[in-house]
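See structure below.
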There are 2 protein chains.
Amino acid sequence: MRPSDLPDLRNLELFRDMEEARFEELMHAAYVQTFPPQVDLITEGDMSDFLHIVLEGRVELFASWNKRETVIATVEPISTFILAATIKDAPYLMSARTLEKSRLILLPSSDVRAVFDADSGFARSVVTELAARYRSVVKNTKNLKLRSSIERLANYLLQQYEEAGQAPTYDLTMEKRKIASLLGMTPENLSRAIKSLRPYGVTIDGQCVTIDKLGDLQGLAKPSPLIDDLNR
Amino acid sequence: MRPSDLPDLRNLELFRDMEEARFEELMHAAYVQTFPPQVDLITEGDMSDFLHIVLEGRVELFASWNKRETVIATVEPISTFILAATIKDAPYLMSARTLEKSRLILLPSSDVRAVFDADSGFARSVVTELAARYRSVVKNTKNLKLRSSIERLANYLLQQYEEAGQAPTYDLTMEKRKIASLLGMTPENLSRAIKSLRPYGVTIDGQCVTIDKLGDLQGLAKPSPLIDDLNR
DNA sequence: CCTTATAATTGATAATTGTCAACTGGATAG
DNA sequence: CTATCCAGTTGACAATTATCAATTATAAGG
């Protein structure tokens, strides 16, 4: 591990309130590895050996059943994934693969559980993190069950717009096929959904999104903090 | 609160590893109330004042958006709901209503958070509970995104079959309209889905489910512990 | 530069799912 | 017993979404 990573890690909400000694103990047991793009990191069903933290790059979480596959989320630096499996000492429910060249920290699950028991600051943080994750999955469920695919797309575009600092023009950060899978639709359907947003002032050329009539799009999307605000 | 409830509560996984003093402290602040059927207990968007525990009866968790409504889960005794909102001190993401006459314990959220900080056994339990809930919502997402409505129904029937002790005939525990909503479809669609399971040996007459050709149904449903086993 | 591979789009079509309206049947209240 | 209510079902139809095949972009490699 590069010493220069430590401050960033220490600043992660998960580790911030930890005793210094525990933090060093945990980091001492950590592996740091760099992976090329498109590498399978973990496979659904395997036991949880490590808590993973993305330092650089991008990781996709996906799940499969009966030859079908769906993107659940992408993880960007600096954050953890598969915390719940680590805590429960249970098999992974999702698989993960790198999307780009990525640098990860792997913390042995048993160490994480040991420190969890010994450090109440860390325990507090784990709970907060888990509660946040739980809430974001519940929001995703509401999104899937209460909205049509066009409504999901409209809200996705508005979310990206917010993340781009409300710029009237911004770039998609994911391939469209991944976006389609994330939103629970086929690439063809996404392509047509995009066209059907034209009357609402949405133009997408390649990666480049332009939103002309924000109000109209919001009128269709009806974003709600109880579904879309991925934090809080 | 009836003194007779205390042992059951103490035995809840959430409270089992707690110091006795903390447990009593928490219960001292608790309200116990009985509600008639069809009473709104909490409303999506409100702040989390209480952690709720169902002692008797049945509670439905549901969510709404844009005049649509969907059932997320039903809660049966003895278990808690909206733990995540309580921990995060955040607004509820779901609403709750009683389905039957129900007796609930309400623990003020601030007390729960206080005890959480003071009692590491309780903190451990909260994390375990949250991690379990998180995993079950992830499973639900996979169910929704990877399966058609008929496949979801087939797996639902197999789950109920397991819960009924693998009896070849058992009763549905919910109205069909609720089941439809839970599975993310309309009542009409559920009605037709049931008929389309006939060739797989499934007969449903009123509440009464009969599964004649278990193997055939399993062949269609392809149940997976990574989606269907609601615990683990 | 061209070649190749892969993503994205488009059209045609099918499957799935939802909507609306009508009807059935059981439960309940008077 | 009858009237009423409402969940459930059914039919007809519409909307949504998926599938398959073909084509057009786009990006990467030699």
Side-chain angles (χ1 to χ4, degrees), chain A residues 36-38 60 62 65-71 74 97 99-101 143-157 171-199 202-209 220-221, chain B residues 36-38 60 62 65-71 74 99-100 143-157 171-199 202-209 220-221:
Chain A
Q38 303 300 330
E60 173 179 273
F62 63 101
W65 177 80
N66 197 28
K67 324 242 167 187
R68 296 168 217 171
E69 185 177 307
T70 189
V71 175
T74 62
R97 69 165 74 98
L99 289 173
E100 324 164 351
K101 186 180 175 204
N143 194 34
L144 283 170
K145 290 184 77 177
L146 292 167
R147 289 174 174 161
S148 70
S149 62
I150 290 179
E151 290 165 339
R152 294 199 294 276
L153 172 61
N155 279 290
Y156 178 81
L157 293 175
D171 280 351
L172 294 171
T173 57
M174 247 190 282
E175 286 176 297
K176 284 180 185 163
R177 55 208 294 278
K178 303 283 189 190
I179 294 174
S181 178
L182 188 67
L183 297 179
M185 55 209 238
T186 58
E188 294 94 328
N189 192 12
L190 173 62
S191 201
R192 290 172 177 127
I194 288 172
K195 281 172 75 177
S196 74
L197 288 183
R198 194 113 199 199
V202 175
T203 323
I204 303 186
D205 180 27
Q207 303 283 95
C208 177
V209 179
L220 171 69
Chain B
Q38 303 300 330
E60 172 178 273
F62 62 101
W65 177 81
N66 196 28
K67 325 240 166 188
R68 295 168 216 173
E69 184 178 306
T70 189
V71 175
T74 62
L99 289 173
E100 323 164 352
N143 194 33
L144 283 171
K145 290 184 75 176
L146 291 168
R147 289 175 173 160
S148 70
S149 62
I150 291 179
E151 289 165 340
R152 294 198 294 276
L153 171 61
N155 280 290
Y156 177 81
L157 293 175
D171 280 351
L172 294 172
T173 57
M174 246 190 284
E175 287 176 298
K176 285 182 185 160
R177 52 207 298 276
K178 304 282 190 190
I179 295 175
S181 178
L182 188 67
L183 297 179
M185 53 202 207
T186 58
E188 295 93 329
N189 191 12
L190 174 62
S191 201
R192 288 170 179 128
I194 288 172
K195 282 174 74 175
S196 74
L197 287 182
R198 194 109 199 206
V202 175
T203 323
I204 303 186
D205 180 28
Q207 302 283 97
C208 175
V209 180
L220 171 69

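Only a predicted model underlies this, so the values are computations on that prediction, with no experimental measurement involved. These numbers come from the heavy atoms of this one structure, side chains and all, not from hydrogens, waters or symmetry mates.
- Taking the side chain as every heavy atom from C-beta outward, A:L146 and A:E151 never approach each other to under 4.5 Å.
- Whole-Å rounding puts the A:R177 CZ to D:dT26 P distance at 17 Å.
- For D:dA7, the OP1/OP2 oxygens have no side-chain nitrogen or oxygen of B:K178 closer than 4.0 Å.
- Taking atom CE on B:M185 and atom C1' on D:dT16, their separation rounds to 17 Å, with Å as the unit.
- A salt bridge does not link B:E188 to B:K195: none of the charged side-chain nitrogens sits closer than 4.0 Å to a carboxylate oxygen.
- Between B:N189 atom CG and C:dA15 atom C1' there is a gap of 12 Å when expressed in whole angstrom units.
- The CG atom of B:L172 sits 10 Å away from the P atom of D:dG8 (whole-angstrom rounding).
- In this structure, CG of A:L190 is placed 9 Å from P of C:dA8, rounded to the nearest angstrom.
- Take the nearest nucleotide of DNA chain D for B:Q207 and for A:I150: the residue whose nucleotide is more 5' is B:Q207.
- Closest contact between the side chain of B:K176 and the listed nucleotides C:dG18, D:dT10, D:dG8 involves D:dG8.
- One can place CG of B:D205 at 12 Å from C1' of C:dG25, the figure rounded to the nearest angstrom.
- Side-chain contact between B:L157 and B:L197 is present, with heavy atoms from C-beta onward closer than 4.5 Å.
- Distance, B:L153 CG to D:dG8 P: 14 Å, rounded to whole Å.
- Distance B:R68 CZ to D:dT16 P: 10 Å, rounded to the nearest Å.
- Residue-to-nucleotide contacts include a donor-acceptor pair under 3.5 Å from the side chain of B:R192 to the base of D:dG11.
- The side chain of A:S148 lies closest to D:dT17, out of D:dT17, D:dT9, D:dT19.
- Regarding contacts with the backbone of D:dT17, every side-chain N or O of A:T186 stays at 4.0 angstrom or more from both OP1 and OP2.
- Side-chain proximity of B:E175 to the nucleotides D:dA18, C:dA8, D:dA7 is greatest for D:dA7.
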